[in-house]
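Quick notes on the structure that follows.
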4 protein chains.
Amino acid sequence: MRTDSAPRPRGAVGRPAGPQPAKRQAILEAAVAVFLREGYTRASVDVIADEAQVSKQTVYNHFGDKQRLFLAAVEGERERVAARFTSGLTPELADEPKNEGEGAADAETALVSFGHRVLQVLLDERASALRRLVISEVARHPSLRPACADGEPQQLVTHLVDLLTDRTARGELSVDDPATVARQFVALLVQQGLHQSMYGTRPLPGHEAAAICERAADLFVRAYRR
Amino acid sequence: MRTDSAPRPRGAVGRPAGPQPAKRQAILEAAVAVFLREGYTRASVDVIADEAQVSKQTVYNHFGDKQRLFLAAVEGERERVAARFTSGLTPELADEPKNEGEGAADAETALVSFGHRVLQVLLDERASALRRLVISEVARHPSLRPACADGEPQQLVTHLVDLLTDRTARGELSVDDPATVARQFVALLVQQGLHQSMYGTRPLPGHEAAAICERAADLFVRAYRR
Amino acid sequence: MRTDSAPRPRGAVGRPAGPQPAKRQAILEAAVAVFLREGYTRASVDVIADEAQVSKQTVYNHFGDKQRLFLAAVEGERERVAARFTSGLTPELADEPKNEGEGAADAETALVSFGHRVLQVLLDERASALRRLVISEVARHPSLRPACADGEPQQLVTHLVDLLTDRTARGELSVDDPATVARQFVALLVQQGLHQSMYGTRPLPGHEAAAICERAADLFVRAYRR
Amino acid sequence: MRTDSAPRPRGAVGRPAGPQPAKRQAILEAAVAVFLREGYTRASVDVIADEAQVSKQTVYNHFGDKQRLFLAAVEGERERVAARFTSGLTPELADEPKNEGEGAADAETALVSFGHRVLQVLLDERASALRRLVISEVARHPSLRPACADGEPQQLVTHLVDLLTDRTARGELSVDDPATVARQFVALLVQQGLHQSMYGTRPLPGHEAAAICERAADLFVRAYRR
DNA sequence: GATGAATGAGGGTTCATTCAT
DNA sequence: AATGAATGAACCCTCATTCAT
């Protein structure tokens, strides 16, 4: 990357983007919005250009063709979503070191609390739309495979591994292979959450989310309680 | 693709035209094939008509418009898939009264065996494509909601409920609420199967499928072993 | 309806029309309605067939093609309109030998009264639609020329010729060539009526109609008063 | 039809493309030609594009859709026709300050002369086609109402008002309300001209035109001669 | 590097018309 | 004589992409 031909007023030099990084960003954001809203095929480059307040050819100058623009948009949004996970799952809670309850005395309560956080990020509107988009197109765009595999962001699992390890160390649970168990727990929550919310297409009522979390926590505590 | 080799509705061979309700079936089958292959937007009515060896207007005479054709195709394929579940999960095994192992002495073995059957039907190529299609379009076609909700066909869960009830009656397990537990077990399998196969986009190696099933069985046996 | 296929009780044998005269009539009426409503090109044979509650092919059996159906429809409606003129200009007044006022002492009053009747039939909704239709298509269907030439139905002119002759005989007016003068009078009314009603597309307020008639009568009385 | 022989916008010859606002004009001219020839529904955007030697999408880029193109074409042609009236009724006569006879001593001769000019512009081929087109579509495109109301261009009436006022001032006629009388005179000519020429569909023989004018002049002179 | 104009291909839909029953 | 199913040609419109400025 980094083609900067001529002098270019130093300052924003390290940036790896192509020409006019601000426009590139505007295009990317518009592309994300439109692709999430319309899907790959329905999304039109015209609309993206309009929404980015940029000429259509500028889009082509920056991204070459629709497919590459699409992949860039997915990648960008995926990073954005992952960042949300890392930084605390939801923007508002980003600063809190731990959500209430997760450090609670009771392992079951901690799992329930973790479950709620999983569902929260999982069913976020943009994250859901991204997931549907990736599932729609993964068969046709092999480059989406990483994005598809990352459906359950690694951060979530890591976080849960820590939790399980911790509780096992405390003698509260006895989980031998926390990685596997963590993946199972997350998988269970994800599937039930997606299924009941129609893949993020309908809001999940609070009591349904609670039931999913509580039952999952109950299952795992039954299985791994010392 | 497809010049004129294979299936041809069946029945009257000599006269190629006439008021054949078989054409409706041919159109529907072509529609299923094309929609599964291309997705809703990419799929073109022209191609469907060609593939059904029928004029485009005939498609419109039968189904009114693309959306209705689409919904009919989804519904048809959904029934076909459901029928496969009911009649024994896969055509080849349709006659076997029970798969090997499921009636086995060991509850864990039985769960593993059941799990394999679930993954088998789940990852069937057409079923996967249908699932991706439904997920892709459910946000735009509300009529797809039932098809989306039926992601884990009821038959599977019912079957497992029976299994759990049976084992509980035998004193091997102690499951109070078999419906809930069955849904959890299936959900776990489904999510891990879909995730690792990229929603049916890549074949799931046998050992991965086995691991998923064994770990799930282990989890549930741990939790509900008497 | 009369569907009884076979022997057909003779009696209606001489009729030159096609099969099933009742259906023919239904088709014709539907055709008139649709052509007047939609124009020639927009009108679809499907819609006409539906509206006549008849199969599309039946339409073709009776009329051959769309163009012939169109011409038949125009001819039929034209006769209907002409009949309305003859029988008293409007259905309700059909029986009255003369409209009130036309036999009045004053020639001017008689002309005004006649003018109102002209405008009444002229601006009738169906007559207007027919006129627009004929004007639309006369350039493309030479067979419409008679229908176009008959824009000011002969009956109206004849009626006025009588009136003028009568008044001249009475010594009230002195019209040498009543045919010419009658055509002028009608032409003036027609043009102003059509123009102000946008060719029957907007209802003509009573006072506008009155003004047209009064001014026309004034003009002709000024010119031909003895 | 039409391989590539004739007009080609004009101007730059070497480079065939580029941001030429001349294309808009070419499209408009082709649209006028095709709509006048075929009517709204029959006219196809493809044909217009071909005739303008322009891609179909270019038409859409410039005019949005068929209806707007249609309205623009009608409006353009209407202005063209009106310009013809103003600048001397027909291009060839544009320079003559006054047509022969109109300033003649005799009011009747002046009216006859004026009548000829009216018929000349009225029965111009393009003006007639425009009139038929407007009448055809005014019921379906309300934006055509102004064009319909302007069937007798204001310029004609104004001109005649002047004439009548002048003759009245000279004491030759005594017209109290010249505006009304002028409208009547024009209406009479228009209706008889349109009627006898089948709305411009058949050429009006000279003697018929003359008869119309002479009779109309006779009528009005009879009525308003001092 | 950015733009507006232009393009050719193709999409869904509808039409007038004709078979086969 | 009447039907329902079928057809092929068009039509309006939109798309991804590329020139010329």
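Source: prediction; values computed, not measured. Reminder, nothing fancy here: chain letters follow the sequence lines and each chain counts from 1.
Using a cutoff of 4.0 Å between basic side-chain nitrogens and carboxylate oxygens, C/Arg42 and D/Glu137 are scored as salt-bridged.
The shortest distance between the side-chain N/O atoms of A/Thr58 and the OP1/OP2 oxygens of E/dT3 is below 4.0 Å. Using a 4.0 Å cut-off, no side-chain N or O of B/Lys66 falls inside it from OP1 or OP2 of E/dT14. Taking only side-chain nitrogens and oxygens, B/Lys23 comes nearer than 4.0 Å to OP1 or OP2 of F/dT7. At E/dA6, none of the side-chain N or O atoms of D/Ser55 fall inside 4.0 Å of OP1 or OP2 (strictly under the cut-off). Contact check, B/His62 against F/dA6: a side-chain N or O comes under 4.0 Å of OP1 or OP2.
A/Lys66 forms no cation-pi arrangement with A/Phe35, by the criterion of a distance under 6.0 Å to the ring centre and an angle within 45° of the ring axis.
A distance of 7.5 Å separates OG of A/Ser44 from NZ of A/Lys56, quoted to the nearest 0.5 Å.
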Query - Step-by-step side-chain contact (heavy atoms from CB on, under 4.5 Å) determination, C/Leu28 to C/Phe63 - result: CA-CA 9 Å; C/Leu28 215 45; C/Phe63 293 93; 3.7 Å; yes

Report task. List the steps, then state whether side-chain contact (heavy atoms from CB on, under 4.5 Å) holds for A/Leu71 with A/Gln67. Result -> CA-CA 6 Å; A/Leu71 296 174; A/Gln67 164 145 324; 4.1 Å; yes

Requested in this report: Decide side-chain contact (heavy atoms from CB on, under 4.5 Å) for C/Arg37 and C/Val47; before the verdict, give the C-alpha distance in whole Å, the side-chain angles of both, and the deciding distance to 0.1 Å.
Outcome: CA-CA 12 Å; C/Arg37 200 168 64 221; C/Val47 170; 4.1 Å; yes

Report task. Might you work through the side-chain contact (heavy atoms from CB on, under 4.5 Å) test for B/Thr201 and A/Arg145, ending with a clear yes or no? Result -> CA-CA 9 Å; B/Thr201 269; A/Arg145 280 160 169 258; 3.1 Å; yes

Query raised in the report: Dot-bracket for DNA chain E, 5' to 3', counting Watson-Crick or G-U wobble pairs under 3.5 Å, with [ ] for crossing pairs and | for inter-strand pairs?
Result: .||||||||||||||||||||

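Comparing C/Ser44 and D/Val54 by the nucleotide of DNA chain E that holds the closest heavy atom to each, the one mapping nearer the 5' end is D/Val54. Residue order along DNA chain F, read from the 5' end via each residue's closest nucleotide, puts B/Asn61 first among A/Ala43 and B/Asn61. Remark on DNA chain E: of its neighbouring residues A/Lys56 and B/Thr41, the 5'-side contact belongs to A/Lys56, judged by nearest-heavy-atom nucleotide.
Atom CZ of B/Phe35 and atom P of E/dG11 are 12 Å apart (whole Å). Remark: P of E/dA16 and CD of C/Glu38 are 11 Å apart, rounded to the nearest angstrom. If you measure from atom OH of C/Tyr60 to atom C1' of E/dA20, you get 18 Å, rounded to the nearest angstrom. Going from atom CD of B/Gln53 over to atom P of F/dA6 covers 14 Å, rounded to whole Å. In this structure, D/Phe63 atom CZ and E/dA6 atom P are separated by 11 Å, rounded to whole Å. Across the protein-nucleic acid pair, C/Arg42 atom CZ and F/dA10 atom C1' stand 16 Å apart, rounded to whole Å.
Nearest to the side chain of A/Gln57, among E/dT14, E/dC19, E/dT3, sits E/dT3.
Across all strands, D/Ala49 comes closer than 4.0 Å to no nucleic acid atom at all (heavy-atom distances).
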